[in-house]
Amino acid sequence: MDKQDNFSLAKAYEPQLYENDIYKIWEESGFFNPDNLKATEKPFVISMPPPNATGILHLGHAAALSYEDLMIRYKRMQGHQALWLPGTDHAAIATQTKVEKILASEGTDRHALGREKFIERVKEFVATSRDTIQDQTKKMGSSCDWSREAYTFSDELSGSVNEAFVKMYNDGLIYRGLRIVNWCPRCASTLADDEVEYQEQQAKLYYIKYGPFVVATTRPETKLADTGLAVHPDDERYKDYIGQEIEIDLAGHKITVKVFADQEVDPEFGSGAIGVTPAHSVVDYEFAQKNNLKIIKLIDEQGKILASGGKYAGLDVQEARKKFVADLEQAGLLVKVEDYANNLSICYRCDTAIEPLTSEQWFVAVDKKIPSRQNKTLKELAIEAVKSGQIKILPSRFEKIYYHWMENLYDWCISRQIWWGHRIPVWYTADQKLIVAHDEAEAQKLAGGQKISQDPDTLDTWFSSALWTFSTLGWPNVEAKDFLKFHPTSVMETGYDILFFWVARMILMSEYLLGTKPFETVYLHGMIRDKEGKKMSKSLGNGIDPIDMINLYGTDALRLSLISGATPGADLKLYEEKIAGSRNFVNKLWNISRFIFSQTEHIHQVALEPKVTDKLDQAILAKFNKLIKEVTEHLDKYEFSMASVKLYQFTWTDFADSYVEIAKKQGNKEDVLLYILERLLKLWHPFLPYVTEVIWKQFNTQTLLMVEYWPQAQGKVDGQAILYLDGVVGVISRLRELKAENKIAPSEFPFCKIVSSQVSVEHLQLIADLARVKLTDKDIEIEPEKIWQCSIYINLKKAMSAKEKEELENYIKSLELKLANDSFIQNAPPQVVEENQKKLAESKQKLANN
RNA sequence: GGGCAUAUAGCUCAGCUGGUUAGAGCGCUACAUUGACAUUGUAGAGGUCAGAGGUUCGAGUCCUCUUAUGCCCACCA
């Protein structure tokens, strides 16, 4: 009995018992580090999109980690030196916001702490949340190289940030200028254009008597700083005013506006006249540039009215609006107020309404020709990298979106007024001379002994992330071993929601700084949603915590759930039942292994495909070879879900339900079973790393499955054998169907005679055993039923229902009609015609049998 | 306002360049079950492939329009 001694697998797979140990073994093996892998193929590299160092892992991260680890493990098994470089992002605004909230709950704020203490506080916070993220990343089974773990705010990476800044400044690609910017009053900082989100809101549209005009506005208070009035050039009502400067009295507040014409003005909207406030509207700022308007700054960085607002000075925007509207009304200048739906711009980090205002900031010039790059602009370089096909974006429709975004990009505002982030590497002398340097010492030298102070602003967090693929590999040291070996990276796997924030900027920076692409392929995954398709969020309470799922069902189950059904660019609905289903599959794989091992005298590896004579063995090997081919092809095409579905079907249906059952009856299949199982574990490993590695241990090879070679299909796929197996299974199913239909208990064995010239006696017996019928040689007085290559004589009948009969008759009719159609016979390929004839014959037979 | 995506069984999704009576998993129904697995097995019910036109011998699959949903972009005050 004591085959039990051969193996030690519990009845059900309990992931909690194994996962931590297995991860430790992997980690200690050193194989996460490509330096310890034999180089048989060129390196395969993924830079892990650095999660923000602020919080916990959510399902989006879990999905990304699953896809990335899948690719990395697959490539590693194929003999590539696979490098998956992990890290975290200091996430400037997000982190600062978070810590400010904590401070607020303690009744203090960053100003009370002061800059240095505040930064210390953020560092503490980041250190603990980074540990959490690292633990959770490990829990997902991620085979990333922790020895190369990076952090955007480390000394090394800060060095590359300064290097990039200085180089760009020297090339004239970074400049300081007074322009209108997006200002978040809560963050007290500028934002880049793409960091602004829009939220539809119900607003009021105020119609204000404005000298001889009426203007409509959603923000009446800004009218205090109007310096222009725009009308359509063909608008008869206002033609005479064009070019004039008009003084306007707004309930005591006097302004002077220059009237000008612009095609952009819609004469139908509102009154057809637009009051222009250059300092506080992006559109108006552009009007001002074109028409040489004065710019009066009305609102300050705290959202308060400046002295230019006259008696409203000192009020905050909302109060000023109220008061001003009341004053207008009293002066009889408020014509009417309408309800109006418009888009409010809000901060993507804290949802606060954005205040556009003019301010002196640092910008990256995206439209400036670069002499060292054949006079191309940053924009052009970034567009070309994709247009030329050097970088592929999956799914490809995002390439168009990418072009559109790039083409419409304005200069990128990179200075932020927050404290947490890379300090802008610019120093000022007492007489405001500006010094750009790599560090303070260099700046000091350049200042020639003068006293200097550093610019207080920090850089946009995306500036440092844009360098991620190479700053993590040693750049700016272009001789660095890692940089030479691993850049450009292979795949950038990330969510489509940060295509612009991050992917686009990495391309831009890499093309400019290195003259090469940062990666070959961009794989954009979709968002993870709940069963209703809603975004998972804390406020909705519909979020699933990946760690909870791992504790309940195991990491492998979670990973498989995130992989199957996911296609690039498409959102994935995830729900607990799906994860439970994956858990069931993992357990199935476990039990298949358990059974095979229990049947085996000595568990061993079977190096070569077993030589077999039985057609059923040939068939399962043929199906398996086909599977290897398909799975490999799907993975090469980034069709992860397809690969998992094919593996799932083979494992459960073909292998467990069909072949293992056959093997139980026939016996003596040890080598075929072991041969397939061993390779099946390998194929599954990138999807289900833990359970496969645990089972693998039973082979006692002292090797890790993680670094075993990816299986290769042997020879041509034997299609004949596959058809034979499918035929046998078909007959078994038919017999079971007849039994079930006739309410014959599974334990009963009705007599049955099966005649076939193609199927061996042994296999006929097998069919009978699996279908649970008793074979007899005696004649049974009944019309045989023809299934595949067998004639079945059995005293059972499935009575065709009236509906089924009707359906069959209709089907026969449609076939007859089709075959009677000359143009079908002429146009359709002969193969198709033949198939239809065959189907007709079969259907007629089936009808006759009833 | 522009663009993109999706629409197939109660639910989540396959269905490649047009040619099996449209498939899977979950759920549902019936039956079974103490030596791989109830995290199981066997069988079954369930769809006019969003709607309307068109191309074709033939359309879930191609074209046009319509509808619904979701997303992205956009300076309509």
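Per chain, numbering begins at 1; letters A, B, ... match sequence-line order. If you're wondering where the values come from, they're calculated on a predicted model, not measured in any experiment.
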Pairing partner of B:A36 (Watson-Crick or G-U wobble, both distances under 3.5 Å)
none

Rounded to whole Å, the CD-C1' distance (A:Glu407 to B:A74) equals 15 Å

Separation of atom OH in A:Tyr403 from atom P in B:C72, rounded to whole Å
22 Å

Rounded to whole Å, please give me the gap between CZ in A:Phe824 and P in B:G58.
11 Å

Lys/Arg cation over aromatic A:Tyr659: A:Lys623, 6.0 Å, 45° cone:
no

Using the P atom in both, what is the distance from B:G3 to B:U8, to the nearest Å?
25 Å

Strictly by Watson-Crick or wobble contacts shorter than 3.5 Å, is anything paired with B:A68, and which nucleotide is it?
B:U6

Is there, by distance only and without an angle test, a donor paired with an acceptor across the side chain of A:Lys588 and the base of B:C37 below 3.5 Å?
yes

Other residues, nucleotides and ligands only: do more than 12 of their heavy atoms fall within 6.0 Å of CD on A:Glu834?
no

Quick one: look up who B:G18 pairs with, Watson-Crick or G-U, both distances under 3.5 Å, and put none if it's unpaired.
none

Interatomic distance at C1', B:A9 relative to B:U55, whole Å:
30 Å

B:C31, B:A5, B:U39: which one has an atom nearest the side-chain heavy atoms of A:Asn584?
B:U39

Pairing partner (Watson-Crick or G-U wobble, both distances under 3.5 angstrom) of B:G41:
B:C31

Whole Å only: how far is the CG atom of A:Leu589 from the C1' atom of B:U40?
15 Å

State the pairing partner of B:G47; accept Watson-Crick or G-U wobble contacts with both distances under 3.5 Å, and report none otherwise.
none

With both distances under 3.5 angstrom, what nucleotide forms a Watson-Crick or G-U wobble pair with B:G1?
B:C73

Report which part of the nucleic acid A:Ser641 touches: base, sugar-phosphate, or nothing (heavy-atom distance under 4.0 Å, all strands).
nothing

Over how many whole Å does the gap from A:Arg529 atom CZ to B:C13 atom P extend?
11 Å

What does B:U55 pair with, Watson-Crick or G-U, if both distances are under 3.5 Å?
none

Under 4.0 Å, counting only non-hydrogen atoms across every strand here, what does A:Glu286 touch: a base, just sugar-phosphate, or nothing?
nothing

Complementary nucleotide for B:U12 - Watson-Crick or wobble, under 3.5 Å:
B:A24

Give the rounded distance in Å between these two atoms: CD of A:Glu264 and P of B:A74.
15 Å

If you measure from the C1' atom in B:C31 to the same atom in B:G51, how many Å do you get, rounded?
42 Å

Of the nucleotides B:C75, B:A77, B:C37, which has the atom closest to the A:Glu661 side chain?
B:C37

Mind calculating the distance between CG (A:Leu735) and C1' (B:A43) to the nearest angstrom?
13 Å

Whichever of A:Lys818 and A:Asn591 has its nearest RNA chain B nucleotide further upstream toward 5'
A:Lys818

Of the options B:U42, B:A14, B:U20, whose atoms approach the side-chain atoms of A:Lys839 most closely?
B:U20

Kindly point out which of B:C76, B:C72, B:A14 is positioned nearest to the side chain of A:Tyr340?
B:C76

What distance, rounded to whole Å, do you find between the two C1' atoms, one in B:U67 and one in B:A50?
8 Å

Determine whether the side chains of A:Ser564 and A:Ser644 contain a donor N or O and an acceptor N or O closer than 3.5 Å.
no

Mark yes or no: A:Lys588 above the aromatic ring of A:Tyr13, with NZ or CZ under 6.0 Å from the six-membered ring centre and no more than 45 degrees from the axis.
no

On a whole-Å scale, what distance lies between the C1' atoms belonging to B:A68 and B:A52?
15 Å

Would you indicate, yes or no, if B:U39 has its OP1 or OP2 atom less than 4.0 angstrom from a side-chain nitrogen or oxygen of A:Asn587?
no

Applying a 4.0 Å non-hydrogen cut-off, can you work out what A:Asp657 is touching in the nucleic acid: base, sugar-phosphate, or nothing?
sugar-phosphate

Kindly indicate whether the side chain of A:Ile676, heavy atoms from C-beta on, has any atom under 4.5 Å from the side chain of A:Phe655.
yes

The nucleotide from B:U12, B:A43, B:U39 with an atom nearest the side chain of A:Arg583 is B:U39

Of the listed nucleotides (B:A77, B:A43, B:C57), which one gets closest to any side-chain atom of A:Ala740?
B:A43

Rounded to whole angstroms, how far apart are CG on A:Leu409 and P on B:C75?
12 Å

In whole Å, what separates the C1' atom of B:A22 from that of B:U66?
25 Å

Kindly give the heavy-atom pair with the smallest separation between A:Val731 and A:Trp788, and that separation in Å.
CG2-CE3, 4.0 Å

Worked verdict on A:Phe260 versus A:Phe287 for ring-ring contact (aromatic ring centres under 6.0 Å, His included):
CA-CA 9 Å; A:Phe260 63 95; A:Phe287 278 143; 5.4 Å; yes

Per nearest nucleotide of RNA chain B, the residue lying toward the 5' end, A:Val282 or A:Leu815, is A:Leu815

According to the interplanar angle, ranging from 0 to 90°, do the rings of A:Trp405 and A:Phe500 count as parallel (below 30°), tilted (30 to 60°) or perpendicular (above 60°)?
parallel

Given the C1' atoms of B:U20 and B:C4, what is the spacing between them in whole Å?
35 Å

For residues A:Glu785 and A:Leu738, determine if any side-chain heavy atom of one lies less than 4.5 Å from a side-chain heavy atom of the other.
yes

Just call it for A:Met527: base, sugar-phosphate, or nothing, with non-hydrogen atoms closer than 4.0 Å on any strand.
nothing

Looking only at atom P, what distance separates B:C49 and B:G44, rounded to whole Å?
23 Å

Can you tell me if the side-chain N/O atoms of A:Trp652 get under 4.0 Å from OP1 or OP2 in B:U40?
no

Which is true for A:Asn821 with a 4.0 Å heavy-atom rule: it touches a base, it touches only sugar-phosphate, or it touches nothing?
sugar-phosphate

Considering only side-chain heavy atoms of A:Ser823, which listed nucleotide, B:C57, B:A74, B:U42, is closest?
B:C57

Can you find an N or O donor on one side and an acceptor on the other, under 3.5 Å apart, linking the side chain of A:Lys11 with the base of B:A36?
no

Picking from B:A36, B:G19, B:G25, the nucleotide nearest the side-chain atoms of A:Tyr648 would be B:G25

Which nucleotide in the list B:C75, B:U12, B:A32 gets nearest to the side chain of A:Lys573?
B:U12

Of the candidate nucleotides B:G19, B:C37, B:C31, which contains the atom at the shortest distance from the side chain of A:Val832?
B:G19

